[in-house]
Amino acid sequence: MQGRHSATFYRQHSTLALSQLLLGCELVHESGEGITAGIIVETEAYLWGDPACHAYRKKTARNAAMFGPPGTLYVYLIYGLYYCVNVVGGPEDQGEAVLIRALQPTRGQDLMALRRTLHPKSLLPGAQKFFGERDLCSGPGKLVQAMGIRPEHNGLSLEEPAIYITTPVISTFDTVTTTRIGITQGAELPYRFYIRDNKFVSKKG
DNA sequence: TTTACGATCCCCT
DNA sequence: GGGGATCGTAAAC
């Protein structure tokens, strides 16, 4: 059994450092439906003074969770269709966070596939009905769906019993540092990190 | 009060 | 490789 990261861990490192330290750690959700888990293989940092950061201008109703203590979950709706999940980093009250962009599934793959299949959009005629392992968590919207993370998780702490991140389960890998995906402002900043040659990463580059 | 747009995903060409 | 879906948020009027 792997240990879980503590509040101290989230407090002790900068958000940029956290973005890299979370690679190789396992995100676990013990839900009523069952347990799902996956190794974090891709992250992005959103920092103070960063124009792409949701907290760039000021604290609002949407981004309030970003100003919670390090180790808080920030879940938000994107494009009116999907949700993304972040881990709030320190220093506290700076509105910084780490976007979890991809997981390598380790537990509950069947449940993940079920959740992805049962998503309302997937029930539309002609929608994809089968998911290979690579399709479960290879993107920020996908992994939220597969892990059963919902808007109600916004503002919760990773100290909660049912949702947490473990200490590293793999450690021998190279980290690629590159630019973030899907943004216009701050696009040149090297704030994206992923495990080299891991097939569950959303995109190369 | 109105409007433009986004840290995405999936299907179609 | 490109575009449409879809809606809450926040900036602009």
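We name chains A, B, ... by the order of the sequence lines, and we start the count at 1 in each one. These values consider heavy atoms only, across backbone and side chains, with no hydrogens, waters or symmetry-generated copies. It should be emphasised that the depicted structure is a prediction, and the values quoted were computed from it without experimental measurement.
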(request) Can you run down the side-chain hydrogen bond (donor to acceptor under 3.5 Å, both in side chains) pairs that involve residues 3-25 of chain A, sequence neighbours left out, and say none if there aren't any? (result) Thr15(A)-Glu96(A)

Restricting to nitrogen or oxygen on both sides, can you table the protein-nucleotides 11-13 of chain C pairs closer than 3.5 Å?
unit_1: dA11(C); atom_1: OP1; unit_2: Arg57(A); atom_2: NE; d: 3.4

(message) Counting only heavy atoms and a strict 4.0 angstrom limit, can you tell me which residues of residues 188-203 of chain A come near DNA chain B?
(response) none

Residues 167-176 of chain A side chain polar contacts: donor-acceptor under 3.5 Å, at least two apart:
unit_1: Thr167(A); atom_1: OG1; unit_2: Gln2(A); atom_2: OE1; d: 2.9
unit_1: Thr167(A); atom_1: OG1; unit_2: Gly3(A); atom_2: O; d: 3.3

(message) Is any side-chain heavy atom of Tyr46(A) closer than 4.5 Å to one of Arg180(A)?
(response) yes

(request) Please tell me if the side chains of Tyr74(A) and Asn154(A) come closer than 4.5 Å, counting only heavy atoms from C-beta onward. (result)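 Yes, at least one pair of side-chain atoms sits under 4.5 Å.
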
(request) Spell out, as yes or no, whether a donor-acceptor pair under 3.5 Å connects the side chain of Asn86(A) to the backbone of Val88(A). (result)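 No: the side chain of Asn86(A) does not pair with the backbone of Val88(A).
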
(message) If we ignore hydrogens and angles and just use 3.5 Å, is the side chain of Arg192(A) paired with the main-chain N or O of Ile181(A) as donor and acceptor?
(response) no

(message) Taking only the P atom of each, what is the distance from dA7(B) to dG1(C) in whole angstrom?
(response) 23 Å

(request) Using a 3.5 Å limit on both pairing distances, list the dot-bracket string of DNA chain C from the 5' end; Watson-Crick and G-U wobble pairs count, crossing pairs take [ ], interstrand pairs take |. (result) |||||.||||||.

(request) Would you tell me whether Arg115(A) and Ser31(A) have side-chain atoms, one donor and one acceptor, within less than 3.5 Å of each other? (result)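 On atom types as modelled, these side chains qualify, holding a pair under 3.5 Å.
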
(message) I'd like to know if the side chain of Glu30(A) pairs up with that of Tyr164(A) as donor and acceptor (distance under 3.5 Å, no hydrogens or angles considered).
(response) yes

Kindly give the atom pairs (protein nitrogen or oxygen, nucleotide nitrogen or oxygen) under 3.5 Å for nucleotides 6-8 of chain B.
unit_1: dA7(B); atom_1: OP1; unit_2: His54(A); atom_2: NE2; d: 2.8
unit_1: dA7(B); atom_1: O4'; unit_2: Tyr46(A); atom_2: OH; d: 3.4
unit_1: dA7(B); atom_1: N9; unit_2: Tyr76(A); atom_2: OH; d: 3.3
unit_1: dA7(B); atom_1: N7; unit_2: Ala52(A); atom_2: O; d: 3.3
unit_1: dA7(B); atom_1: N7; unit_2: His54(A); atom_2: NE2; d: 3.0
unit_1: dA7(B); atom_1: N1; unit_2: Asn86(A); atom_2: OD1; d: 2.4
unit_1: dA7(B); atom_1: N1; unit_2: Asn86(A); atom_2: ND2; d: 3.4
unit_1: dA7(B); atom_1: N3; unit_2: Tyr76(A); atom_2: OH; d: 3.1
unit_1: dT8(B); atom_1: OP1; unit_2: Arg101(A); atom_2: NH1; d: 3.2
unit_1: dT8(B); atom_1: O3'; unit_2: Gly141(A); atom_2: N; d: 3.4

